[in-house]
Amino acid sequence: MEIADLPIPPDLAASYARRGITELYPPQAACVEAGLLLGKNLLIAIPTASGKTLVAEMAMHHQVERGGKCLYIVPLRALASEKFEEFSGKGLRVGIATGDLDRRDDYLGRNDIIVATSEKVDSLLRNRTPWLAEITLLVLDEVHLIDDPSRGATLEMVVAKLRHKNPAMQIIALSATIGNPGDLAGWLDAELVESDWRPVDLREGVFFQNGIQFADHNREVGRQSKYEDLDLVLDTVEEGGQCLVFVSSRKNAEAFAKRAASGLKLANPTLAGYADKIRSNAGTDMGRILAACVAQGAAFHHAGLAREERQIVEAGFREGEIKVIASTPTLAAGLNLPARRVIVRDYLRFNAGEGMVPIPVREYRQMAGRAGRPHLDPYGEAVLIAKSEEMIGELFDCYIDAPAEDVRSQCANEAVLCTHILSLIATNFARETGEVLRFMDGTFYAHCGESPRALSRAVDRVLEFLREAEMITEVGEWLEPTEYGSLVSRLYIDPRSAEVIVTAMTGRKEYTDIGLLQLLCSTPDMLTLYVRRNDMYLLDRFLADHRDELWMEIPWDAGEGFDRSLKTALLLLDWANEVGEETICERYNVGPGDVYGVVESVAWLVHASRHLARLFAPHLAGPIEEMELRTKHGIKKELLPLIRLRGIGRVRARRLFNNGLGSLEALRAAGPEKVGKVIGQKIAAQVFEQLEGVRDEIEEVGEEQATLFRFG
DNA sequence: GTAACAACGATATAGACAGCATGTC
DNA sequence: CTATATCGTTGTTAC
């Protein structure tokens, strides 16, 4: 099928032509035949890299040409910015809405295409964003994630809410290969387009001893080291390709990268450049190891990396300079980063409570699908490693030839249902129990006919919890949100978290930093760190001296959960006391990426608890607000006045303070020149410009107060 | 007596969304 | 309870 013959805007066709795309891939053509450009709903279950994005893009341009508006939902922030870049500059107004970066919400509605994470859309719905009612095309990327135990229900509820609002809206769902695409398609009233066609040939095989067995042929792999996995990498690199190696833990990723580095022993100025950049930014051990590996053409990739380190590794691999990345599943689901050979080395992964469990087939597919770069590699290879002869057949059966798992709704899970039911009531999607249940009829859960009684029992229990917590009230048969309930819904925190926080705040405890932090770290919304045996000493020592500073009673059977919350809280306390990043990473055995992760996570919860404090414990609002700024910036109390200035972060604020310039008055008294000596003339000038403004503000406030006083 | 190394046992284990209002060195 | 790689300790050998 020729692109020129399609009813899409000429500008778009021209931009494809410039990129050398003149004809559709077979699965793309199948989408058009199934009614893509006729407004039909589609579920497109085709492999990664076979052109799903292009399909969605054509439909979006087609809709906008007819005056429509499109919402493109993705599961990850990184994916949101990737898609945003991709859709921008093709004639349409594109907006992006994620937690980090968003255009003003009302302004967002002026775009033709809005890219957002599912949680952000949920939050926009809760805040009654008007333009959501104007959506005529909804694109769901990676829709199979509806199966995710913790986040899947959000996507499901968002889809149900949007369909409820805009019944005529077209839906295009993009999915990996799944076991029951028919069920999903049925739910969405969509035509199913299924295919396993790929632009690059994919060969899947199992390595054993000295060769890879594929379905129809074998391939020798020269043995040159005592490590099988390393030989597999060297084999591809010698041939001019790159490798992605998926392993089960961060340690494994780092260890493999080290091994690969000493096996490759590459060296060139570009690699040295990457290495220098990493080394100059990172003070941590991990960063130094990464730099050393990158210098020799290998790298590792996991969530402990700082953002910049990730970017360098990804860019270096895309440029073809870095030959191998050893990665945890970070790279499997996220970015588009293909390589000629993908090695799935660890197909068992540690799972809390279960020990080592085999990864799902779908995840294997996702990793294997990264093999083969379109237009660059002659073919792609996905390789599993067998430890014994018997394993060869087993791996073929369990992964290569195995059908993908079914996706199942996660809606009946009480823990996640809690937050969604509250939001239904808070936003008037449902005003009585019957309406809640009727709304749930529109979910994937109900469509699959999974036990309706289990769902209604779960709903009852959730409603009871919400009533008891006084987040909703029941007047006759009517359900209404209380001020508390609607606040919790808008703050976008789990009602169970809110209960934990409010209960502790109203317990008349004296404010302590660690009390607040540990409390927040024990809520289900908080991302907490693993506790190793080594950490226990640190925790015990803290408890010995500061036990009474905690707000929470230490449960007599304090288990892993408590330890994790305390460890995370201690890290955050260090952070807010300006302990250096390197010290923190060493002390808690984490990477810089983890530090930013927990800081971001807690900053959000501190913000939420400040709002809760205003409602339930006003005397705590002040100290919590201070803590909000301190966690956000990583500063001690004494820098609070300075941090409010634009252009002043934790480093400059500390410099000023140490030079005796700890307050706005001190800055004013010192004058621009003296301040300039500490933080540079240019920034100093900026600061003084603001100081004028601040003075005006203070005077204004003063007048207002004076006025009030007069009337009082 | 000491260095190098094998054998063994203890140890530890992936990822990541949201609020809000603007800007680090 | 499940698996695997790493790392520290102890035990062994070679000079």
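Values in this document were obtained by computation on a predicted structure and should not be read as measured data. In what follows, chains are A, B, ... by sequence order, proteins preceding strands, each numbered from 1.
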May I ask you to say what [X] touches in the nucleic acid, namely base, sugar-phosphate or nothing, with a heavy-atom cut-off under 4.0 Å?
{"X": "R126(A)", "answer": "nothing"}
{"X": "E628(A)", "answer": "base"}
{"X": "S248(A)", "answer": "sugar-phosphate"}
{"X": "H611(A)", "answer": "nothing"}
{"X": "L605(A)", "answer": "nothing"}
{"X": "A608(A)", "answer": "nothing"}
{"X": "L527(A)", "answer": "base"}

Separation of atom [atom1] in [X] from atom [atom2] in [N], rounded to whole Å:
{"X": "R490(A)", "N": "dC20(B)", "atom1": "CZ", "atom2": "P", "answer": "8 Å"}
{"X": "I493(A)", "N": "dG19(B)", "atom1": "CD1", "atom2": "P", "answer": "12 Å"}
{"X": "L124(A)", "N": "dC20(B)", "atom1": "CG", "atom2": "P", "answer": "10 Å"}
{"X": "L642(A)", "N": "dC25(B)", "atom1": "CG", "atom2": "C1'", "answer": "16 Å"}
{"X": "D122(A)", "N": "dA18(B)", "atom1": "CG", "atom2": "C1'", "answer": "9 Å"}
{"X": "L520(A)", "N": "dA18(B)", "atom1": "CG", "atom2": "P", "answer": "19 Å"}
{"X": "L244(A)", "N": "dA14(B)", "atom1": "CG", "atom2": "C1'", "answer": "16 Å"}
{"X": "F350(A)", "N": "dG15(B)", "atom1": "CZ", "atom2": "C1'", "answer": "15 Å"}

Does T117(A) have a side-chain nitrogen or oxygen under 4.0 Å from the phosphate oxygens OP1 or OP2 of dC17(B)?
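Negative; the distance criterion is not met.
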
Phosphate-side-chain proximity, T328(A) and dG15(B), N/O vs OP1/OP2 below 4.0 Å:
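It does, given that an N or O in the side chain of T328(A) lies less than 4.0 Å from OP1 or OP2 of dG15(B).
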
If the condition is ring pair (Phe, Tyr, Trp, His ring centres under 6.0 Å), which residues does H607(A) pass it with, not counting sequence neighbours?
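H607(A): ring pair (Phe, Tyr, Trp, His ring centres under 6.0 Å) contacts with H611(A).
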
Given [options], which nucleotide is nearest the side-chain atoms of [X]?
{"X": "R349(A)", "options": "dG15(B), dC25(B), dA14(B)", "result": "dA14(B)"}
{"X": "Y492(A)", "options": "dA14(B), dA16(B), dA18(B)", "result": "dA18(B)"}
{"X": "R533(A)", "options": "dT24(B), dA16(B), dA12(B)", "result": "dA12(B)"}
{"X": "D525(A)", "options": "dG15(B), dT24(B), dA18(B)", "result": "dA18(B)"}

Result of checking V687(A), L667(A), L661(A) against L642(A) for side chain to side chain contact (heavy atoms under 4.5 Å, CB included)
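With L642(A) as partner, side chain to side chain contact (heavy atoms under 4.5 Å, CB included) holds for just one option, L667(A).
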
If you walk 5' to 3' along DNA chain C, what is the first nucleotide with an atom under 4.0 Å of a heavy atom in chain A, and what is the last?
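Both ends considered, the range comes out as dC1(C) to dT6(C).
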
[N] and [M]: how far apart are their [atom1] atoms, nearest whole angstrom?
{"N": "dA3(C)", "M": "dC17(B)", "atom1": "P", "answer": "33 Å"}
{"N": "dT2(C)", "M": "dA16(B)", "atom1": "P", "answer": "30 Å"}
{"N": "dC1(C)", "M": "dG19(B)", "atom1": "C1'", "answer": "42 Å"}

ring centroid sep under 5.5 Å plus plane angle under 30, W604(A) with dG19(B):
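No, W604(A) does not stack on the base of dG19(B).
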
Looking at M526(A) and V598(A), what are the two nearest heavy atoms and their distance?
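Of all heavy-atom pairs spanning M526(A) and V598(A), the closest is CE-O, 3.5 Å.
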
Contacts of type side chain to side chain contact (heavy atoms under 4.5 Å, CB included), residue [X], not counting sequence neighbours:
{"X": "S497(A)", "answer": "D494(A), T523(A), P524(A), D525(A)"}
{"X": "E119(A)", "answer": "T117(A), R151(A), T154(A), Y492(A)"}
{"X": "M356(A)", "answer": "L348(A), F350(A)"}
{"X": "E254(A)", "answer": "M286(A), F300(A), H302(A)"}

Can you tell me how far apart CD1 (I624(A)) and OG1 (T631(A)) are? Round to the nearest 0.5 Å.
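Going from the CD1 atom of I624(A) to the OG1 atom of T631(A) covers 11.0 Å.
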
Between E499(A) and Y484(A), does any side-chain donor sit less than 3.5 Å from a side-chain acceptor?
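Yes, because at least one side-chain N or O of E499(A) sits under 3.5 Å from a partner of the opposite role on Y484(A).
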
Tell me, please, which residues at least two apart from D231(A) pass side chain to side chain donor-acceptor pair (under 3.5 Å).
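Here the qualifying residues are R223(A), S225(A).
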
Strictly by Watson-Crick or wobble contacts shorter than 3.5 Å, is anything paired with dA18(B), and which nucleotide is it?
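Looking at the geometry, dA18(B) pairs with no nucleotide.
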
Side-chain donor/acceptor contact of E600(A) with base of dG19(B) under 3.5 Å:
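No, the side chain and the base share no sub-3.5 Å donor-acceptor pair.
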
For the base of dA14(B), is there a side-chain donor-acceptor partner from R250(A) under 3.5 Å away?
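Answer is no: no donor-acceptor pair is held.
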
If you assign R77(A) and N534(A) each to the DNA chain B nucleotide with the nearest heavy atom, which residue ends up on the more 5' nucleotide?
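Its nucleotide being nearer the 5' end, the pick is N534(A).
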
Within the distance-only criterion (no hydrogens, no angle test), does the side chain of S489(A) pair as donor or acceptor with the backbone N or O of G485(A) below 3.5 angstrom?
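No, the answer is negative, given that no donor and acceptor are paired below the 3.5 Å cut-off.
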
Comparing K387(A) and V357(A) on DNA chain C - which has the more 5′ nearest nucleotide:
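By nearest-heavy-atom nucleotide position, the 5'-most residue is V357(A).
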
Donor-acceptor contacts, no H, no angles, side chain residues 303-310 of chain A, under 3.5 Å, sequence neighbours left out:
unit_1: E308(A); atom_1: OE1; unit_2: N281(A); atom_2: ND2; d: 3.3
unit_1: E309(A); atom_1: OE1; unit_2: A306(A); atom_2: N; d: 2.9

Dot-bracket notation for DNA chain C is requested: 5' to 3', Watson-Crick or G-U wobble pairs only, both distances under 3.5 Å, with ( ), [ ], | and . as defined.
..|||||||||||||

